[in-house]
Amino acid sequence: RVDINTGENVNYREVTKWKDGSPMSDEKVDGVIYLKKGNKYIKRVYADYADVRWFGAKGDGVDKGIGNYEGDHDAINLALRTCKKVKLEKGTYIVKKPIVLNDENELLIAEDAVLQLGDAANCTLLKTVNVDYLNDGYGNITYPAGSKRYLQNIKIINNGLIEGNG
């Protein structure tokens with residue numbers, strides 16, 4: 001197979017479990033890393049980092065203007081939800097919605113890559129997932145059993161440029 005977004009040759013291997021060890025199911029198929037072929041599930045074989053271009057990010061530096069919320073953010077966020085380690089290769093990635101980092105995510109921005117907030121985006125460039133808590137309205141905050149209070153082991157390896165001035 002050839003990746004339609006990068007032109008790279010792609011290999012897959014059969015899997016029965018998803019990244020968290022749970023059994024594979026149709027709901028976990030993302031069409032990029034995990035696919036279903038017949039009645040079997042397959043996973044893309046790759047080294048350390050998943051390339052955001054596999055998920056549809058363009059990195060072409062095109063900002064379609066104020067009021068247009070097209071950008072690379074959806075592809076980057078899908079990559080970060082699907083894979084722990086994600087890279088932005090050469091290019092300028094325009095985002096108009098926050099890039100959301102989760103536990104254990106590692107975002108590698110290559111030397112010749114730019115992560116840029118688009119024109120009039122009016123949002124935070126990078127943020128972490130919401131931490132579950134309850135507020136009783138009187139200033140008392142509690143954390144329900146099993147909820148996450150802190151995120152852990154997030155890394156941003158920035159060899160390129162993060163431009164948040166949009």
Side-chain angles (χ1 to χ4, degrees), residues 1-13 15 17-21 24 27-37 41-131 148 150-166:
R1 289 187 156 196
V2 174
D3 185 290
I4 61 170
N5 295 311
T6 64
E8 300 170 302
N9 287 323
V10 181
N11 293 310
Y12 290 87
R13 65 177 169 79
V15 294
K17 304 231 182 254
W18 197 51
K19 66 180 181 177
D20 66 359
M24 274 301 299
E27 295 79 33
K28 296 173 183 171
V29 171
D30 60 31
V32 179
I33 301 297
Y34 293 94
L35 305 173
K36 187 172 185 180
K37 189 172 184 179
Y41 298 100
I42 56 176
K43 180 182 178 188
R44 186 180 189 135
V45 177
Y46 61 96
D48 289 332
Y49 292 90
D51 188 329
V52 296
R53 297 174 300 167
W54 302 344
F55 295 84
K58 301 287 184 227
D60 59 8
V62 174
D63 186 337
K64 299 205 171 40
I66 297 171
N68 185 320
Y69 288 95
E70 289 181 38
D72 293 320
H73 46 265
D74 289 332
I76 295 169
N77 282 328
L78 178 57
L80 287 164
R81 282 193 309 272
T82 306
C83 307
K84 289 189 184 285
K85 294 181 171 185
V86 173
K87 66 181 171 182
L88 278 67
E89 290 287 359
K90 179 180 181 178
T92 299
Y93 298 86
I94 304 293
V95 298
K96 294 195 173 189
K97 294 179 185 172
I99 300 304
V100 181
L101 299 166
N102 301 287
D103 268 349
E104 309 289 330
N105 271 150
E106 192 171 299
L107 178 62
L108 172 63
I109 303 172
E111 185 175 335
D112 45 5
V114 177
L115 179 60
Q116 181 177 330
L117 199 56
D119 288 341
N122 195 26
C123 68
T124 302
L125 180 60
L126 297 169
K127 75 176 205 173
T128 56
V129 293
N130 293 330
V131 176
K148 296 174 78 169
Y150 303 104
L151 295 175
Q152 299 175 357
N153 301 322
I154 294 174
K155 280 187 194 175
I156 299 174
I157 302 168
N158 185 18
N159 298 317
L161 177 66
I162 297 175
E163 175 59 65
N165 290 329

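- Atoms CD and CG, on Glu111 and Asn158 in that order, are 11.0 Å from each other to the nearest 0.5 Å.
- The two residues Lys58 and Tyr93 make their nearest non-hydrogen contact at C-CE2, 4.3 Å.
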* Could you go step by step and tell me if Asp74 and Phe55 meet the side-chain contact (heavy atoms from CB on, under 4.5 Å) rule? -> CA-CA 9 Å; Asp74 289 332; Phe55 295 84; over 6 Å; no

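- Between the Asn77 side chain and the Pro98 main chain, a donor and an acceptor come within less than 3.5 Å of each other.
- Taking 4.5 Å as the limit, every side-chain heavy atom of Asn5 sits out of range of all side-chain heavy atoms of Trp54.
- With hydrogens and angles disregarded, a donor-acceptor distance shorter than 3.5 Å links the side chain of Asn105 to the backbone of Leu80.
- The distance from atom CD of Glu163 to atom CD1 of Ile94, rounded to the nearest 0.5 Å, is 9.5 Å.
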Output a table of donor-acceptor pairs, distance under 3.5 Å, between side-chain atoms of residues 82-92 and any protein atom two or more places apart or on a different chain; print 'none' if there are none.
{"unit_1": "Thr82", "atom_1": "OG1", "unit_2": "Leu78", "atom_2": "O", "d": "2.8"}
{"unit_1": "Lys87", "atom_1": "NZ", "unit_2": "Glu89", "atom_2": "OE2", "d": "3.1"}

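- Between Arg44 and Asp3 a salt bridge is recorded (basic side-chain N to carboxylate O distance below 4.0 Å).
- Atom CZ of Arg1 and atom CD of Glu8 lie 14.5 Å apart (nearest 0.5 Å).
- Atoms CD1 and NZ, on Ile99 and Lys127 in that order, are 11.0 Å from each other to the nearest 0.5 Å.
- Under the salt bridge (charged side-chain N to carboxylate O under 4.0 Å, His left out) criterion, Lys36 pairs with Asp26, not counting sequence neighbours.
- Residue Lys28 places its NZ atom among more than 12 non-hydrogen atoms of other residues, nucleotides or ligands, all under 6.0 Å distant.
- Formation of a donor-acceptor pair under 3.5 Å by the Asp72 side chain with backbone atoms of Val95 is not found in this model.
- Nearest heavy-atom pair across Tyr49 and Tyr46 is O-CD1, 3.6 Å.
- Distance check: Ile156 CD1 to Leu126 CG gives 5.0 Å after rounding to the nearest 0.5 Å.
- Looking at every heavy atom in both residues, Thr6 comes nearest to Arg53 through CG2-CB, 3.7 Å.
- If you take CG on Asp30 and NZ on Lys43, they are separated by 10.0 Å, rounding to the nearest 0.5 Å.
- Between Tyr34 and Trp18, the angle of the ring planes lies from 30° to 60°, which puts this pair in the tilted group.
- Each of Asn159, Leu161, Ile157, Ile162 was checked for a side-chain contact (heavy atoms from CB on, under 4.5 Å) with Ile109, and the lone residue meeting it is Ile162.
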